[in-house]
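In what follows, a structure is listed as structure tokens, so that the remarks can point back to it.
Letters A, B, ... mirror the listed sequences (proteins, then strands); counts begin at 1.
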Amino acid sequence: MTKNLVIVESPAKAKTIEKFLGKDFTVKSCFGHIRDLAKGDAAIDVANNFKPSYEVSEDKKAIVAELKKLSKDAEMVWLASDEDREGEAISWHLSEVLKLDEAKTKRIVFHEITKPAILKAIENPRHIDHNLVDAQQARRVLDRLVGFELSPVLWKKVKANLSAGRVQSVAVKLIVDREREINQFHSQSAFRILASFNVGGKTMEAELGKRFDTEEEAYQFLEKCKSASFTIKQLEVKPTEKSPAAPFTTSTLQQEASRKLGYGVSTTMSIAQKLYEHGHITYMRTDSVNLSELAINAAKNHIINNFGESYSRPMRYSTKNESAQEAHEAIRPTYFENQDIDGTPQEKRLYDLIYKRAIASQMSKAKIEKTIAQIEISGLSEMLLATGEVLKFDGFLKVYLESTDDESEDDNSKMLPPLSVGEELNFIQMEAVQRFTRPSARYTEASLVKKMEELGIGRPSTYAPTISTIQKRGYVSKEDREGKDRQFVQLVLEKSTINKSVKTEKFGTEKSKLFPSDIGMLVTDFLNKHFDQIMDFGFTASVESEFDKIANGQLKWNKMIEKFYGPFHVEVTKTSETAERQNAERQLGLDPESGLPVFVRVGRFGPFAQIGESKEDAKEKPKYASLRAGQLIETITLEEALDLFKLPRIIGVFEEKEIKAAIGRFGPYLVHNSKFISIPKTDDVFEINLARSIELIENKRVSDANKLIKSFPEDESVKILNGRWGPYIGRGKDNFKIPKTEKVEDLTFEKVMAIIEKDSKPTKAAAAKKEVEISKVAKPAAKKSAAKKTAAKKTSAKKRAKK
DNA sequence: CAGTGAGCGAGCTTCCGCTTGACTT
């Protein structure tokens, strides 16, 4: 029998708190929300003041039963969910579902998991704040209404299985807007002038304060410099300071992990989750930059002991973000004395990042001396500038430097050699280089999170899931793009002669960037046209301020919803009844061969190009070809579209069978005698000839022959093969891993069969997968939904794709 | 590693936020 039952949201938190509270307290976790709106459209009774009906989620039934039992026996139940809107609602749902007696229930809050904070909370209990709960209900109901009214309009007017919502639709819009901005961008070039001098054996670089628009102007300038002398006109020394960044929130952690470690946002979050569960870091879903008093002192001690007094600068950070709810601390190491932890390499690296960022935030500013030298060019009014930096005191830079999103062209953190005013410089050379302006960068997952946070859209717990959702729906995809070549002009003045050269550089290379799809653009345009209120970047902010009024008791939650829903629902009905289907058909021009028009549009199976119109009386049916990955209806050219019809291409006959070239899901390939051979990047599918194709086929045969390590007379279908990741066992279409304990050369048929036997034991997952397969056969219509709901879907889909 | 793109109509999809596992390679 428990005297006191404390309920928190997270099990890791429960474990820690239990230690602080002693044996009279049992601490349990409810694992977040225990109830939610019922599944269907009936969950909100619009006619009855939007009365919501809630259901205990299937996966929470067990925990709810356990809590019910424990709470019945307890003398006092302490509801200790987070101190924000959602947390308050969790406490309220608990009290409702567990049927808690108000006299035996106390609500407590703390935003740091430290012993003094917990004990203080216990001493200052309160009751559930029903206004705050109502604000959460308003948020929940609004999101359901928006999502479940808009999505069906999309099914009707655009395509089935699409979705729209307050958060996701705006996230997609950000990406679509950025893509269009980039497509409409016209790059301009200007000539940048750089000079280098020899100062006491060291090379010093200086740049002209202006750039020249044309090559001619740049050339004229170099011409004038041919016989000029260069003198130091002025030296300016400016002391500056650099401050450390605040400790991590979810959003800034995701950004830095992306920039410094190359992790996607969901990777970062799952590694952080592990660190949290092992007690290495504080809670990872937070919007607060605040550190507990305890942490600030611990950091201070650590810094003084390891770096000295002068490096310590205890600092309280406050958030600039209005939408922040600050229920937790910033993300920091639990113990500053642990500079390293045990764990996977990924965990170690992320911990290191979190550790350094937190420590640095409590360290002194760096002191930097910036020197600017103005260099006079005899006979000219323009000046050259050389800048240099000297680090006078490293401060926090000893451990951590925040990185930025834009890859700037030069770093001017170089030191300047000793200089004096009036000194004449030893000229080495001067060059004029053509530089191009660049459009705004495409979003990475992390920079999209940053933007969403700025707009107050989404929460720390939803950034990563939202980004997965918009990719799953096919609105956007994370892709790499190869850059294109561009020529630029370089003029070099050296030893009184000017030499011109034309060089090549790559531009537009993209790595793990978010690109919109045609469907993403279509849906965004449709929603923009008919639901501009929801698509407004300020919509969330404006409803948030209403939620605040509800929380303060100034506004009734269902009044707020009513005011929004009235006009919104009218718009939904009107659009659903009268709006035209959204498509983005574009005529690109005429096919020079047939003279027929060439179109691109979205069809049942995705975007495609079409030659000729689909008329009933037309003697010839139009020709169709799917667009390739990376091609958009909005930007594809006539030439690119016509290329799509050049494949598949019959190259010729080899060993009495045709060789065909085409482009598939994995890129360009040849097919010969129903065998597939990838065409390497060095060859062109449109140009590849018979001789080269035969060469590729023969190469493939050699490598296939090497693939076989061992076969067994006992069973022809069982083989040991050489794969991309080393040897493996294959039987028919199934592959099996060879355990590390086995040596390949010692494998007998019996041993191999034992491995196969062990591997193919029906696990729970395999059974679940089978069920999905069966339901698919039985009810083909339910295929998609059944597959989507189960975790097994991903794997079975992958398997199918492989075959 | 395809090629598909007509049309009917049944039955399906869908939101955001709070939490972890339990899967797979």
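Every residue two or more places apart in sequence or in another chain that forms a ring pair (Phe, Tyr, Trp, His ring centres under 6.0 Å) with A/H672 is listed here: A/F654. With sequence neighbours left out, A/K675 forms a side-chain contact (heavy atoms from CB on, under 4.5 Å) with no residue at all. Remark: A/T540 pairs with A/R166, A/I457, A/E544 by the side-chain contact (heavy atoms from CB on, under 4.5 Å) rule, at least two apart or across chains. A/E585 pairs by the side-chain contact (heavy atoms from CB on, under 4.5 Å) definition with A/F599, A/R601, not counting sequence neighbours. Remark: A/F50 engages A/Y565 in a ring pair (Phe, Tyr, Trp, His ring centres under 6.0 Å) (not counting sequence neighbours).
Between the side chains of A/Y475 and A/S169, no donor N or O sits under 3.5 Å from an acceptor N or O.
Where stacking is scored as ring centres under 5.5 Å apart with planes under 30°, A/W155 does not register as stacked on the base of B/dT14. Stacking between A/Y669 and B/dC1 is absent: the aromatic ring centre is not both under 5.5 angstrom from the base six-membered ring centre and within 30 degrees in plane angle.
Nearest nucleotide to the side chain of A/F605, out of B/dT19, B/dG5, B/dC15: B/dG5.
With hydrogens and angles left out, the side chain of A/R140 and the base of B/dC15 share a donor-acceptor pair within 3.5 Å. Checked by distance alone, A/S626 brings a side-chain donor or acceptor within 3.5 Å of a matching partner on the base of B/dG5.
Among the atoms of the strands shown, none is found under 4.0 Å from any heavy atom of A/V146.
For DNA chain B, if you chain together Watson-Crick or G-U pairs that step i with j, i+1 with j-1 and so on, you find no run of at least three with distances under 3.5 Å.
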